[in-house]
Amino acid sequence: MPAPYAGLLERYHDWLDLPAYTRPVTLLEGNTPLIPMPRLAEELGGGFELYVKYEGLNPSGSFKDRGMTAAISEALGRGVRAVICASTGNTAASAAAYAARAGLRAIVLIPQGKVALGKLAGALAYGAEVIQIEGSFDDALALVVEISQKYPIALVNSLNPYRLEGQKTAAFEICDTLGSAPDWLCLPVGNAGNITAYWMGFRQYHVRRGSGLPRLLGVQAAGAAPLVLGHPVEKPETVATAIRIGRPARGEQALAAAEESGGRIIAVSDDEILTMQRRLAAHGVWVEPASAAGLAGLAHEIAAGRFNPRGQRIVAICTGHGLKDPDIVARWSTPPRTLPASLQALTDALLREAA
Ligand SMILES: *Cc1c(COP(=O)(O)O)cnc(C)c1O
């Protein structure tokens, strides 16, 4: 019998640069499915292999758990009693979950009114102290950076290097499953920690295992695209709340990673993001809006003739679960009908539809 799965820190122990005092805190995160999407690939022109890495199946519903197991384990081992983060929602839920698991106090700052319902509910349910800031994510991040420098409160945003150590494991899993790196990796870019972590992971795997390297297609929302515009965005706006960030903390590294890989960072409209969210759901994979951005970017580039997918093996990272943002579905779905509780009414309604 193989040993039971014991979480990322154990599974990739030899690959992660964590201090010896680290005390593992895990909810058995990671090990997410890489789902083949042959019909969606056909719809996008065909002739290539397409997979979705479904990160929404992590314990708190997003990839943030990969980094959080590492950051909270380090903080616990260091003897810190409290952790803090700024968040568009998923970091908050994840920090709250892992802090609860470790018995630590969690404080999360969120931009007022800008956080999707399922994320806020998560942070509250796990028992975090949630504080709304009358400002943006970027304002909240500046505050938590400052307070964590003055007090013994560990910062668990992706500025924390251990977050990236944990997050890079997703690249290892993809190589393990496919037997090598894909040709392209498409993913959303917000604060830019994730694309930076993937590039770290793929490079490390390539050095040790000769797995090859993917090209990176990083995708921002048009209303929050500082890395495409080349300057910060003061008032970022997009339905994809997880990437509504105007001043990415790891922007320089993200640009360097995309360039080094031979890829690029592009922007897509909110319409393209929601259309891809709907399309993915129509194939059985429901993700939150930001998570559809990577594939929306791929579709955008193919349609514009800037990307020839033929013969390529492409992996799209779907970063968070659709349940995180239930309200947004009302934008593109048909609301349920109400009928009397009668067989006649039901039969009439269904047959009329079939006709
Ligand atoms: C955090 C997050 C992102 C963006 O990741 P960055 O590391 O900030 O670039 C994208 N999608 C979801 C669902 C997220 O939670």
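First listed ligand is number 1; within each ligand, the first listed atom is number 1. Bear in mind that the values here come from a model prediction, so they are computed numbers and not experimental data.
Listed by number with element, the atoms of ligand 1 under 4.0 angstrom from any heavy atom of Val189 are 9 (O). Atom numbering of ligand 1 starts at 1 in the shown order; those under 4.0 Å from a heavy atom of Gly320 are 13 (C). Of all the atoms in ligand 1, the ones that sit under 4.0 Å from a non-hydrogen atom of Ala290 are 11 (N). Remark: ligand 1 atoms within the under-4.0 Å shell around heavy atoms of Ile243 are 4 (C), 10 (C). Those atoms of ligand 1 with a heavy atom of Pro188 less than 4.0 angstrom away are 10 (C).
Side-chain N or O atoms of Tyr205 include none that pairs as donor or acceptor with a backbone N or O of Ser180 at under 3.5 Å.
Polar contact check, Lys64 against ligand 1: a nitrogen or oxygen pair lies under 3.5 Å apart. Where the criterion is an N or O separation shorter than 3.5 Å, residue side chain and backbone included, Ser158 fails it with respect to ligand 1. At least one N/O-N/O distance between Gly190 and ligand 1 falls below 3.5 Å. Taking distance alone, with nitrogen or oxygen atoms compared against 3.5 Å, Gly193 approaches ligand 1 more closely than that limit. Considering backbone and side-chain atoms alike, Ser291 places every N or O at 3.5 Å or more from each N or O of ligand 1. Residue Ile245 has no nitrogen or oxygen atom sitting less than 3.5 Å from a nitrogen or oxygen atom of ligand 1, judged on distance alone. Inclusion of Ser62 in the set of residues having an N or O under 3.5 Å from an N or O of ligand 1 is not warranted. Between Asn194 and ligand 1, at least one N/O pair is under 3.5 Å apart.
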>> For Thr319 and Ser291: C-alpha separation, side-chain torsions, deciding distance, then whether side-chain hydrogen bond (donor to acceptor under 3.5 Å, both in side chains) applies.
In response: CA-CA 5 Å; Thr319 43; Ser291 302; 2.8 Å; yes
> Lys114 and Glu237: salt bridge (Lys or Arg N to Asp or Glu O under 4.0 Å), yes or no, with the steps?
Replying inline: CA-CA 10 Å; Lys114 303 282 190 192; Glu237 265 314 324; 3.2 Å; yes
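For the ligand labelled ligand 1, residue Ala192 lies inside the 4.0 Å heavy-atom shell.
Within 6.0 Å of CZ in Arg23 there are 12 or fewer heavy atoms belonging to other residues, nucleotides or ligands. For CZ of Arg279, the number of neighbouring non-hydrogen atoms (other residues, nucleotides, ligands) closer than 6.0 Å is greater than 12. Around atom CZ of Arg208, more than 12 heavy atoms belonging to other residues, nucleotides or ligands sit under 6.0 Å away. Heavy atoms of other residues, nucleotides or ligands lying less than 6.0 angstrom from CZ of Arg310 number 12 at most.
The protein non-hydrogen atom at the shortest distance from atom 12 (C) of ligand 1 is Thr319 OG1, 3.2 Å. From the protein, the heavy atom lying nearest to atom 8 (O) of ligand 1 is Asn191 N, 2.8 Å. Nearest protein heavy-atom neighbour of atom 5 (O) of ligand 1: Phe63 CZ, 3.5 Å.
Between the side chains of Asn160 and Glu74, no donor-acceptor pair of N or O atoms lies under 3.5 Å. Counting only N and O atoms by type, the side chains of Lys53 and Thr32 include a donor and acceptor under 3.5 Å apart.
Note: Tyr12 and Trp15 have perpendicular aromatic rings, judged against thresholds of 30 and 60 degrees for the angle between ring planes.
Within the 4.0 Å heavy-atom criterion, the part of Glu288 lying near ligand 1 is the side chain and not the backbone.
Ionic pairing of Arg306 and Glu301 is present here: one or more N-O contacts between side-chain nitrogen and carboxylate oxygen are shorter than 4.0 angstrom.
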